[in-house]
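Here's the structure, in structure tokens; my notes come after.
Just so we're on the same page: letters track the sequence lines, and every chain starts at 1.
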Number of protein chains: 2
Amino acid sequence: MSTADRIVTAALALFYRNGFHASGVDLLSAEAGVTKRTLYKYFPSKDELIESALQLRHEQFMAWLKQHVAAAAVEDGPLAYIDFIGNWVADAEFCGCAFINAAAEYAAPEQIPHRLADQHKEEVRALVVNLCTEAGAKDAVSVADSLFLIGEGLIVASQVRGYNESLVQNAKKAATLLWDAAR
Amino acid sequence: MSTADRIVTAALALFYRNGFHASGVDLLSAEAGVTKRTLYKYFPSKDELIESALQLRHEQFMAWLKQHVAAAAVEDGPLAYIDFIGNWVADAEFCGCAFINAAAEYAAPEQIPHRLADQHKEEVRALVVNLCTEAGAKDAVSVADSLFLIGEGLIVASQVRGYNESLVQNAKKAATLLWDAAR
DNA sequence: ACCTTTGTACACCGATCGGTATACTTGCGC
DNA sequence: GCGCAAGTATACCGATCGGTGTACAAAGGT
């Protein structure tokens with residue numbers, strides 16, 4: 001693992017756990033096990049480090065998601081998406097969605113972290129649309145958007161209120177109902 | 001309007017628009033039209049000002065929500081909740097949910113803004129459960145949680161991706177389907 | 001008229017912010 | 001064995017952070 005990778009990996013972990021504004025560069029470099037000088041050799045500013053960290057997160061997340069839904073039968077793909085979210089929010093390290101958090105801290109839509117969040121969510125939504133299409137939905141876009149909304153709701157509800165087994169079950173139930181109605 | 005009220009009102013507006021960590025006390029007091037000294041006469045610290053601002057937000061929001069759902073027929077109450085969210089996210093000043101944003105910036109569940117967010121969401125959820133019960137749902141808690149999830153999803157999706165008319169329509173459609181299945 | 005309250009103006013505090021300068025060590029390629 | 005890039009150590013920069021001290025102006029109650 002290269003030095004740059006170690007830095008951006010540690011940065012992502014800290015930003016995710018601690019927030020972007022609340023994570024200073026001193027702590028950041030200490031967490032990565034490098035000097036501030038070295039950090040600034042690879043990333044010209046904290047802003048660009050944030051950008052790189054979110055880029056890394058996007059790649060990791062999409063790979064993780066794709067792997068999960070690929071393990072499900074094609075006709076259950078859309079429900080596997082909700083299942084994936086259900087697994088994710090149960091993780092002890094779960095701190096909400098890094099991109100939703102980024103959009104919250106950088107409210108203006110033209111700010112780079114917010115734009116990256118928008119792009120990330122668009123890719124996820126597109127993936128869900130694909131799952132619905134391949135599973136033979138009547139109106140793939142419509143049901144995909146509904147499932148996407150339930151997923152987003154499950155993420156933030158779990159973040160704010162803490163993990164709740166029955167809420168996850170409920171999300172799966174609602175998703176199943178919507179999905180069955182769309183086939 | 002008392003001086004303390006003007007301060008907390010301005011603080012809420014700035015925190016909502018700008019984030020908590022990103023809003024400094026100097027800007028805060030300037031925005032409120034008072035000196036920093038006066039601000040600290042009423043609020044012993046920025047943290048306590050944040051707490052007061054969130055408390056104010058909670059009261060304003062609940063009053064607004066109750067007023068909206070009270071205008072709907074009892075049997076349509078649960079759908080009026082989604083309708084309310086749909087109106088809200090269409091507002092030009094919409095910056096997501098202040099409590100979700102607070103939970104994002106203060107990730108640890110024991111931090112006061114996070115705890116206030118939890119309490120706020122619990123009250124909203126309880127209100128939706130009541131709406132479902134009064135409207136004669138078979139399993140009020142279950143369908144209320146599903147509608148709540150769709151509402152949360154609509155809030156964050158609109159925050160991250162910007163307002164999207166068809167997404168709102170889709171949320172209403174999904175909510176209607178779930179609600180009809182629960183009556 | 002006097003005193004108290006309310007708020008202003010503004011300088012100041014130590015700490016931390018993001019970011020940089022300089023000098024030194026370490027290890028690898030040739 | 002030499003040179004060079006990578007990284008360390010540490011001190012520093014100006015700006016801003018949350019928060020305070022002090023002196024003064026206005027206004028109301030009695």
Open item on the list: I'd like to know if A/Glu110 and A/Arg115 make a salt bridge, using a cut-off of under 4.0 Å between side-chain N and carboxylate O.
Closed with: no

Open item on the list: Strictly below 4.0 Å, N to O, side chains only: are A/Arg183 and A/Asp180 in salt-bridge contact?
Closed with: yes

TODO: Identify whether A/Val160 and B/Trp88 are in the same connected component of the hydrophobic contact network (ILVMFWY, side-chain heavy atoms under 4.5 Å).
DONE: yes

- [ ] Evaluate the ring planes of B/Tyr106 and B/Phe20, with Trp represented by its six-membered ring, and classify them as parallel (under 30°), tilted (30 to 60°) or perpendicular (over 60°).
- [x] perpendicular

Open item on the list: Rounded to whole Å, how long is the line connecting atom CG of A/Asp26 with atom C1' of C/dG19?
Closed with: 10 Å

Task: A/Leu131 versus A/Tyr81, closest heavy-atom pair with distance - done: CD1-CB, 4.3 Å

Open item on the list: Taking the axis from the first five pairs and the axis from the last five, what angle separates them in the helix from C/dA1-D/dT30 to C/dC30-D/dG1, rounded to 10 degrees?
Closed with: 10°

Task: Opening and closing nucleotides of DNA chain D in contact with chain A, under 4.0 Å to non-hydrogen atoms - done: D/dG7 to D/dT10

Residue pair [X] / [Y], side-chain donor-acceptor N/O under 3.5 Å:
X: A/Gln159; Y: A/Asn101; result: yes
X: A/Glu123; Y: A/His58; result: yes
X: A/Asp47; Y: A/Ser45; result: no

Task: B/Ile100 and B/Glu152, any side-chain heavy atoms less than 4.5 Å apart - done: yes

Open item on the list: Would A/Arg57 and A/Phe99 count as a cation-pi pair here, with the cationic atom under 6.0 angstrom from the ring centre and within 45° of the axis?
Closed with: no

- [ ] Classify every nucleotide of nucleotides 7-12 of chain C by which part a protein heavy atom approaches to under 4.0 Å, writing B for the base, S for the sugar-phosphate alone and - for neither, in 5'-to-3' order.
- [x] BBB---

